[in-house]
Amino acid sequence: MSEQTSSETVDYKDTVFLPKTDFPMRAGLANKEPGILARWRDEKLYETLRKRRAGKEKFILHDGPPYANGDIHIGHALNKTLKDLVVRTQSLLGKDAPYVPGWDCHGLPIEWKIEEQYRKKKRNKDEVPASEFRAECRSYADNWVNVQREQFQRLGIMGEWDKPYLTMDYSAETTIVSELLKFAENGQLYRGAKPIMWSPVEKTALAEAEVEYEDVTSTQIDVAFEIIEAPNCPAIQELIAKGEKVHAVIWTTTPWTIPVNQALAFGADINYKIVRISSLSGCALNCVVASELVLGLQQRRAGISELPEGAVYEIGWPDAPSFKGSQLAGAMAKHPMADAFSSSLPFRGGTEGGDEPHAPDQIDSPHPNPSPEGEGLEHIPSINRDSELAEFFTRPRPFLDGSSFVTTDAGTGLVHMAPDHGEDDFDLCKANGLNPVFAVEADGVYRADWAWLPRGDARSGSVINKKFTAANGPICSDLRAAGALLSADDFKHSYPHSWRSKAKIIYRCTPQWFVPMDTPLPEHVRNDAEGVGSERAQGKGVNLSLRDVALDEIRNTVRFVPERGKRRLESMVEGRPDWVLSRQRAWGVPIALYVNRKSGDYLNDPAVNARIIAAFQAGGADAWFDADHQTLLGADHDLADYEVVNDILDVWFDSGCTHSFVLESGNWPDHQSPADLYLEGSDQHRGWFQSSLLESCGTRGRAPYKAVLTHGMTLDKTGRKMSKSLGNTLDPKKVINAQGADILRLWAASVDFTEDHRIGDEILKTVSDSYRKLRNTFRYMLGALADYDAANEATAYDDLPELERYILHRLAELDAGLKQAVNDFAFGKYVRAISDFVNDDLSAFFFDIRKDCLYCDVGPHMPHGTRTRCAYRTVVNILFEALTRYIAPVLVFTAEEIWMTRYPEGESVHLQEWPDVDSGWHNADLADKWQKLSTVRQTVNEAIEPLRREKTIRSSLEADIVYPLADLPVTPDEFAELCIIAGVSDGTEIAVTKTTHHKCGRCWRLIPDVPEDGALCSRCDSVLNG
RNA sequence: GGGCCGGUAGCUCAGUUGGUUAGAGCGCACCCCUGAUAAGGGUGAGGUCGGAGGUUCAAAUCCUCCUCGGCCCA
């Protein structure tokens, strides 16, 4: 007692309401999140949500399947988080938004891994039964599906994880093959030969997506083709008539294509010159070269990158005749190795169309340019003069018009054509009746019966073997011996490689299965489409092809976010070639067709197809490889008449079918087709977006999606691409284990994912900081709402003070903005809006102003607090309910933690729907007024600052302000409350002085009605004592 | 090599049809508070808008070139 009286002031701390909550300031997400996940699993949150939303408007996000191979990387984390944000925000809006994740399980990379394991164990893959090999691939994929499934769930991705879709499920494989058979039945399938990307190492065709470009050093050579005749080119004819030889010079970086050369191409508008170039042995050659490329040829021959201008004609021809490329039409040349064969063979002449035989005496005459070694053609070691195919080399090579692709950017302006090994070559030769010869076999070696450098010859080798194509390798040596090699040197350039083996790939003609882009679709497919405003609806399309329908869907039906995705997909579909479906591999869905040995047509019998599908249903794709094909063919067909196709399907066809077996199959009854949204990285324009579109348009006449959302790539902190070789990758698992999945999710939601974006330690630190700010404000609300008694405190809108109504106005604005952001999938805007609102409107403004009220407007004689305090807590409660729901799709774990703190016995926040925010809370007049007051508040703060710095006053509560009050729509008391100052008086100039009032011992305000420091103000007195 | 996209404060982002002194949040510095306390409040410093030209009374914004980065294609 005596001690109390000796104390000057009474400690009122216990009479003041302070926020209290068990919600910790420090998150400890990494430790806490797994527990929350376990709880969701136990409570079957996803299933409960499905039941709760059953019957509501649907929103179907169809998951693009990641490849089941390896741990997830940051790109997966971004992609899945964005999908989760879409699904959860749509669900929050009250829609039924199921999410079935899937995996892409077939394909080369897995096959490659199994083969790698075989190699380590010294097993030969070819000796392992296919079914065993496929089983191992299946088990490998299965393992990674499980690993990734855990990792995705740890990220907080909500979905039907117990029943994902796998492209290797028997039901999926069945659907894939039946989709293929739809193409077959519709006549939208053909077998053709085309040069396609081929990997001699993996011995398979590669999809464009399986190819990457890297710099390599190749051998560049200039090769002279002797011109036999050029009937439309007087300049050449004149020289030939004089008995001189004229050579067309071609440049190539793939010397190995010379043995399969079949023609030469010129540009009709290119100017050519006949220049005299000394051969290596000193004789002069008349060479046809594009005028502007003479210098480049000389440089290559000199082995230098720059040649002085004057040097050009040193061995040239001052008045070299020149002519337009079009004059080369009808000209003929000899293959450089032709003489090597004809020297011991009777001339056989052209084989392709009765060309006039050429004078044998010319061919038999001694070669004017013997090789420097002087050995001559007799000594070329790798010639099989007796070969039936020797004739290939003695045929004349026609000059063809290649104006569409022959340029004067590099080379000689003349291009040698090997239809087996180039798209331009193939197309141009095909148009001129020259067909591929399939000389290079699957492993990159010329076939055994080839006349030059055949398999089995000691000098032969794979065409991607550097030694084989080197300047001193067999090809160059032989060409040199034949006097046809003008230069051979290293050449650095970008060259395609297999993404798996990193080995060089080549273009190679092989028989493959194709889906044609430009063949008219059957009517029943075209008419399935219901494209609004489409060309089809306008009755334009009688002969619409797959390309037409796909473009129509892109242009007229599908929504693209961002918009530029439309143009990108469009240009790709416009320009793409026919779709190559086949792969010569084992781990995939077979192209289940029988080809008639006589006609070459595939069997198109619905009854057989039905048996095939039934077999797949029972045993998956293995059913084809292990099948009794005669049984599948039935009594109407004899297996002996048919070739069983053993190719498998491109994995892009697999994933292109996911819409069929996920959305339409009924295996996931809450799904429907078409999907509302496909959401993938921008690389999928060429991949899944396109394969799905083509598959669906080819079978259903419409796109499988209503909207396509693309995100950019995640780069490192400096904006460079992440790669293992650069060592700048960032492992999402590490972020999750160090900072928590919510931090990674907040990052994904914060960046502008429509563009390429960055991640790094500093960026994650910034994200953590804004997370902490959000977390603390929620913590404050939880504390402020401790013991909130709605029955006694809840205040009707009309009874709320203006400040509270202004905040509700701001909430209504936020609410509308967030809804818009959800519909635009603009998650960056979404979290920024929440963050700004929490920081500016709440923490620094509303909560700060009302702290006094919250703490002190309550006491024994006013247990529920003043009306202002009731109003305040009513609004804080509304804010809490709204903000917790808003943030829930982003901070899935934290929102649950917040929610469970408030409602320990309640159900998950993720079952809640979008908060009830009354649009009637919008109040423009109030907003004007309070935004103005907010500015005034800032002005006052600026005015106080100097005094605070010189320590005249400390807390703003000590400041008395002079302020021109006339045009302010508030009372002085309200003004003081707003600015958290002692008091205000009217005046023309803003001024700040230290107040002379005493400080209330309870609420610490310095106001006139406090008799002395430490005594109670009248408000505190009445609250405590009545 | 070709096509497309992008480069705004340390970080993440806004900047409408060209129009005052280019904004926000976070971070940073300093100050206050010590009753949201490993929190809260305040004030302030940071940008020649990738670079160089050009159009215009006026350019972050339109045009050209260059540069850096990314995606796709060859």
Side-chain angles (χ1 to χ4, degrees), chain A residues 12-21 23-26 208-209 211 213 405 407 409-410 423-424 493-496 562 564-565 567-569 571-572 575-576 681-687 710 712-721 746-747 749-752 754-784 828-829 831-840 843-845 847-849 851-852 854-856 937-938 940-951 953-958 980 1002-1004:
Chain A
Y12 291 104
K13 181 161 183 169
D14 292 342
T15 74
V16 170
F17 172 92
L18 292 177
K20 56 174 181 286
T21 174
F23 186 78
M25 189 178 290
R26 306 250 312 171
E208 287 126 287
V211 170
Y213 288 78
F405 57 87
T407 66
D409 292 345
E423 272 188 289
D424 291 332
H493 61 150
S494 175
Y495 192 85
R564 70 181 96 94
R567 181 68 206 130
R568 189 158 177 189
L569 192 58
S571 62
M572 282 179 179
R576 69 156 295 145
S682 56
D683 51 340
Q684 295 303 325
H685 285 103
R686 185 147 292 272
T710 46
M713 300 288 133
T714 302
L715 311 173
D716 79 357
K717 62 184 172 192
T718 62
R720 278 165 202 282
K721 128 162 97 173
L746 188 57
W747 163 79
S750 302
V751 297
D752 178 4
T754 67
E755 297 286 351
D756 291 347
H757 48 266
R758 306 171 180 200
I759 192 167
D761 290 342
E762 188 185 1
I763 293 166
L764 284 169
K765 167 83 165 44
T766 306
V767 172
S768 286
D769 286 335
S770 61
Y771 170 85
R772 274 201 349 259
K773 181 75 191 185
L774 283 167
R775 184 178 176 92
N776 272 318
T777 306
F778 277 105
R779 179 169 183 271
Y780 170 81
M781 285 193 279
L782 284 167
K829 202 174 270 186
V831 294
R832 216 164 301 118
I834 294 173
S835 212
D836 288 356
F837 178 73
V838 161
N839 290 328
D840 300 346
S843 191
F845 187 71
F847 293 167
D848 201 32
I849 292 167
K851 244 179 238 178
D852 170 71
L854 175 70
Y855 296 170
C856 303
R937 190 169 186 261
Q938 195 181 337
V940 169
N941 274 327
E942 283 168 27
I944 292 172
E945 189 62 17
L947 282 82
R948 192 150 32 193
R949 278 177 188 272
E950 68 189 32
K951 319 252 190 230
I953 63 170
R954 311 182 75 85
S955 164
S956 63
L957 279 168
E958 294 172 18
I980 320 183
R1002 179 165 176 270
C1003 70
W1004 298 347

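As the structure is a computational prediction, the values presented were derived from the model and not from experiment. Residue numbers start from 1 in every chain, and the chains themselves are labelled A, B, ... in the order their sequence lines are given, proteins ahead of strands.
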For [X], which contact category applies under a 4.0 Å heavy-atom criterion: base, sugar-phosphate, or nothing?
X: A/Ser843; answer: base
X: A/Asn776; answer: base
X: A/Lys721; answer: sugar-phosphate
X: A/Arg775; answer: nothing
X: A/Arg949; answer: base
X: A/Met781; answer: nothing
X: A/Trp1004; answer: base
X: A/Gly719; answer: sugar-phosphate

Atom-pair distance (CZ on A/Arg567; P on B/rC5), nearest Å |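 Taking atom P of B/rC5 as the reference, CZ of A/Arg567 is at 10 Å.
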
Say you draw a straight line from NZ of A/Lys13 to CZ of A/Arg1002; how long is it, rounded to the nearest 0.5 Å?
->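 Rounded to the nearest 0.5 Å, the NZ-CZ separation comes to 13.5 Å.
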
CG (A/Asn776) and CE (A/Met781) are apart, to the nearest 0.5 Å, by 11.0 Å

Looking only at the side chain of [X] (C-beta and beyond, no hydrogens), which of the listed nucleotides [options] gets closest?
X: A/His757; options: B/rU12, B/rC13, B/rC31; value: B/rC13
X: A/Lys851; options: B/rG35, B/rG41, B/rG40; value: B/rG40
X: A/Asp848; options: B/rG35, B/rG41, B/rG44; value: B/rG41
X: A/Ala844; options: B/rG41, B/rC72, B/rA36; value: B/rG41
X: A/Tyr855; options: B/rG42, B/rG10, B/rG35; value: B/rG35
X: A/Asp683; options: B/rG35, B/rG40, B/rC71; value: B/rC71

Lys/Arg N to Asp/Glu carboxylate O, [X] vs [Y], below 4.0 Å:
X: A/Asp769; Y: A/Lys773; result: no
X: A/Lys851; Y: A/Asp848; result: yes
X: A/Glu945; Y: A/Arg948; result: yes

Rounding to the closest angstrom, what is the interatomic distance between B/rG10 and B/rU16 at atom P?
->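 So the two P atoms sit 22 Å from each other.
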
Which whole number of Å gives the distance between the P atom of B/rA14 and that of B/rU8?
-> 11 Å

Secondary structure string for RNA chain B (Watson-Crick or G-U under 3.5 angstrom, | for other-strand pairs) = (((((((..((((.....[...)))).(((((.......))))).....(((((..]....)))))))))))).

Is any N or O donor-acceptor pair between the side chain of A/Glu945 and the base of B/rG42 shorter than 3.5 Å?
->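 Present.
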
Sugar-phosphate means primed atoms, P, OP1 and OP2; the rest is base. With that split, encode nucleotides 21-28 of chain B 5' to 3' as B, S or - using protein heavy atoms under 4.0 Å.
-> ---SSSS-

